[in-house]
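Take a look at the structure set out below.
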Amino acid sequence: MNIYQLLQQKFQQAIVAIGAPKDSPVPVSRSTRPEFGEYQFNGAMALSKQLQQKPRDIAEKIVEAVQLDGIASKLEIAGPGFINVHLDDNWLASQLQHAADSSRLGIETEKQQTVVVDYSSPNLAKEMHVGHLRTTIIGDAVVKTLEFMGHKVIRQNHMGDWGTQFGMLLAHLSDKLESDQVAETALSDLEVFYREAKVRFDEEQGFADRARDYVVKLQGGDANCMALWQQFIDVSITHSEEVYQKLNVSLTRDDIMGESAYNDDLANVVHELKEQGIAVEDQGAQVVFLEELADKEGNPAVYIVQKTGGGYLYATTDLAAMRYRSTKLNADRTLILTDARQALHFKQTEIVGRKAGFIGAGQTYEHCPFGMMLGSDGKPFKTRSGGTVKLVELLDEAVERSTVLLAKRESDLSDAQRAEIARKVGIGAVKYADLSKNRTTDYMFNWDTMLSFEGNTAPYLQYAYTRVQSIFRKAQIDGSQIAEPIALQEAQEHQLAVKLLQLSEAIKQLTADATPHVLCSYLYDVASLFMSFYEACPILKEGIDESVKNSRLTLAALTGRTLKTGLDLLGIETMEQM
Ligand code: ARG
């Protein structure tokens with residue numbers, strides 16, 4: 001149980017004891033300023049109406065009833081009836097000791113759920129571009145954290161490997177192979193390949209017809225056409241894997257469940273929607289009219305599941321995917337990470353899917369939208385010439401830039417070590433810049449801020465971690481071997497201690513809301529509090545009392561482990577020195 005949960009439990013018991021109904025809310029929150037203690041209970045005001053007593057009287061009764069002996073050093077009533085909780089240093093020390101003795105820093109796993117996470121999901125017709133950076137990085141952090149908390153996580157890379165644009169691509173590829181090129185060479189640059197195919201489609205006589213012919217063949221499962229398609233897909237997946245590897249994300253081929261995988265189920269989906277009277281024919285197409293999402297004039301939203309002429313859509317595939325995940329994968333939760341522009345699509349899909357019973361009432365369908373990555377001009381991030389930025393190139397640039405920056409620092413490390421550090425810092429900076437922003441808002445991509453050693457950045461946190469490690473190197477001690485108890489004396493020690501014990505709160509918020517930025521801010525606080533602690537509380541200074549030194553060393557060791565655990569979950573690599 002973390003501090004927050006413990007206080008919730010204690011205050012719940014207290015308010016029930018003074019006559020509040022069992023299901024009353026228990027509003028515990030973190031205090032905003034150290035002089036208000038660490039936590040606050042804000043429930044007295046609401047209870048005063050219910051119990052018809054003055055809020056301050058209620059607050060006094062709660063303070064009387066709440067059993068926080070040995071946990072809180074002081075409870076005080078402030079303002080109209082807030083109860084401020086000041087945590088006791090001895091109790092904090094014992095909690096820290098427990099964390100220090102545990103391989104998981106004392107963090108308990110959650111009740112296991114099966115969680116499907118649909119992320120990355122690039123379109124294979126093209127190269128991965130910056131638009132896929134956020135879903136890939138945020139998704140991977142969410143997945144790792146859910147696993148850490150004991151959940152069964154099923155990654156689903158819903159790759160866009162199907163659809164009409166493949167007709168034109170396959171027609172073009174077939175010509176290239178005809179002229180003796182191998183697929184790898186022909187598709188070495190998917191961007192160029194796509195453009196060539198598009199030009200031919202728009203301009204070359206007869207090509208568009210051939211392209212359409214390929215679509216029909218592909219949908220009909222024609223063997224030659226499928227073989228060609230498979231070659232295209234394989235090369236394109238290899239391109240994505242190159243990006244995954246550079247980004248150090250955990251997706252593998254086994255996680256791919258592309259749009260094509262649902263192809264055979266699409267007719268069933270539409271058939272069932274029709275049977276149930278949910279989809280109806282409209283101008284030759286099969287559509288669902290959504291009264292729930294009617295416009296101001298009362299016209300229902302139109303959700304098409306089959307086009308005139310029989311073609312299926314992105315939406316049809318998502319309905320099939322929803323059903324597969326809830327019935328075959330038994331997902332308790334499904335999380336889908338895409339940019340915010342798809343929010344309406346997923347809202348509609350959920351309504352239709354629930355009506356059709358494709359997902360159970362107890363199963364969630366959570367679209368986790370994110371904002372766009374903007375250039376420093378505030379417009380969508382583009383190359384100088386206005387093209388889309390290829391992810392591979394962006395990541396290479398990150399490493400080049402961090403190499404230049406790190407070269408300016410004094411160091412006695414070997415060239416190989418320095419190159420490795422530059423890679424971790426460069427990639428870490430790009431990932432962290434993305435993770436640390438509230439995912440729902442747009443954010444500005446800026447090399448200088450993300451690579452800075454100050455502020456809420458990867459280099460700052462990586463550096464803080466090396467600072468901790470250097471203490472132990474200097475002292476030639478293994479931090480986990482210290483047997484002496486922790487004793488908190490200085491204000492900086494107290495603040496750092498409380499923060500270290502809040503890791504599980506940050507993690508829980510991340511897994512509930514798919515918001516890695518919460519963990520980023522937390523780690524940034526840990527690093528900053530550690531720096532203040534380190535300045536105010538000497539550790540290795542001559543003449544320092546042995547027990548004080550050991551207590552501080554344990555605090556430092558816990559700080560290091562907390563930073564490392566958090567950064568690992570976020571997918572940010574650390575190093576021992578830099
Ligand atoms: N391929 C889509 C895109 O690049 C994202 C797919 C997201 N997942 C889904 N189930 N629709 O925009």
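As the structure lists them, so they are numbered: ligands from 1, and atoms in each ligand from 1. We count residues from 1, following the sequence as given.
- Judged by the shortest distance from any of its heavy atoms, His132 lies inside the 4.0 Å radius around the atoms of ligand 1.
- Annotation: cation-pi pair Arg325/Tyr365 absent, no NZ/CZ under 6.0 Å from the ring centroid and within 45° of its normal.
- Annotation for ligand 1: atoms under 4.0 Å from non-hydrogen atoms of Tyr314 are 2 (C), 5 (C), 6 (C), 7 (C), 9 (C), 11 (N).
- Closest heavy-atom approach to atom 9 (C) of ligand 1 within the set Asp118, Asp161, Leu337: this belongs to Asp118.
- Sparse packing is recorded around NZ of Lys152, with 12 or fewer heavy atoms of other residues, nucleotides or ligands lying under 6.0 Å away.
- Summary of contacts: the protein heavy atom closest to atom 12 (O) of ligand 1 is Gln342 NE2, 3.0 Å.
- Within the 4.0 Å heavy-atom cutoff, Phe346 counts among the residues contacting ligand 1.
- Between Phe193 and His172, the ring planes lie tilted relative to each other; the angle falls in the 30° to 60° range.
- For a threshold of 3.5 Å applied to N or O pairs, the pair formed by Thr338 and ligand 1 contains no separation below that value.
- Polar contact with ligand 1: absent for His345 (N/O pair, distance under 3.5 Å).
- Contacts between Thr135 and ligand 1, counted as non-hydrogen atom pairs separated by less than 4.0 Å, are absent for every part of the residue.
- A salt bridge is absent between Asp213 and Arg210; no separation between the charged side-chain nitrogens and carboxylate oxygens falls under 4.0 Å.
- For the pair Arg439 and Phe370, the NZ or CZ position fails the cation-pi test of under 6.0 Å to the six-membered ring centre and within 45 degrees of the ring normal.
- Aromatic rings from Phe453 and Tyr460 are positioned such that their centres are separated by 6.0 Å or more.
- Both tests do not hold together for Lys328 against Tyr324: distance to the six-membered ring centre under 6.0 Å, angle to the ring axis within 45°.
- Note on ligand 1: Met159 sits outside its first shell, no heavy atom being nearer than 4.0 Å.
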